[in-house]
Amino acid sequence: MDQPIELSLEQQFSIRSFASQVKGMSHEQAQDFLVKLYEQMVVREATYQELLKHQWGLDSGTNWA
């Protein structure tokens with residue numbers, strides 16, 4: 001992972017579109033949005049961990065987070 005990941009044009013466009021949407025938000029809307037976004041990131045990470053534990057046969061009940 002020495003080289004940075006290059007984003008596709010679609011991903012770059014999506015980021016620019018997202019930035020435009022955020023600029024139109026009020027401070028309170030942006031804060032609420034960030035909290036929801038962070039919650040989704042945490043759930044995604046936990047889901048990936050569970051999937052990997054299952055795939056690697058580590059789902060014997062031990063928690064490695």
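- Atom CD of residue Gln21 and atom CE of residue Met25 lie 6.5 Å apart, to the nearest 0.5 angstrom.
- Ion pairing between Lys36 and Glu39 fails under the 4.0 Å rule for side-chain N and carboxylate O.
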Run the side-chain donor-acceptor check on residues 11-19: report pairs under 3.5 Å with partners two or more places apart or on a different chain.
from, atom 1, to, atom 2, distance (Å)
Gln11, OE1, Ser8, N, 2.7
Gln11, OE1, Ser8, OG, 3.3
Gln12, NE2, Leu7, O, 3.0

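- Every residue two or more places apart in sequence or in another chain that forms a side-chain contact (heavy atoms from CB on, under 4.5 Å) with Gln31 is listed here: His27.
- One N or O on the side chain of Gln29 and one on the backbone of Ser26 form a donor-acceptor pair closer than 3.5 Å.
- Note that CG of Leu58 and CD of Glu50 are 10.5 Å apart. Values are rounded to the nearest 0.5 Å.
- Residue Asp32 holds its CG atom at 12.5 Å from CG of Leu37, rounded to the nearest 0.5 Å.
- By the side-chain contact (heavy atoms from CB on, under 4.5 Å) test, Leu34 is found to be paired with no residue, residues two or more places apart in sequence or in another chain being considered.
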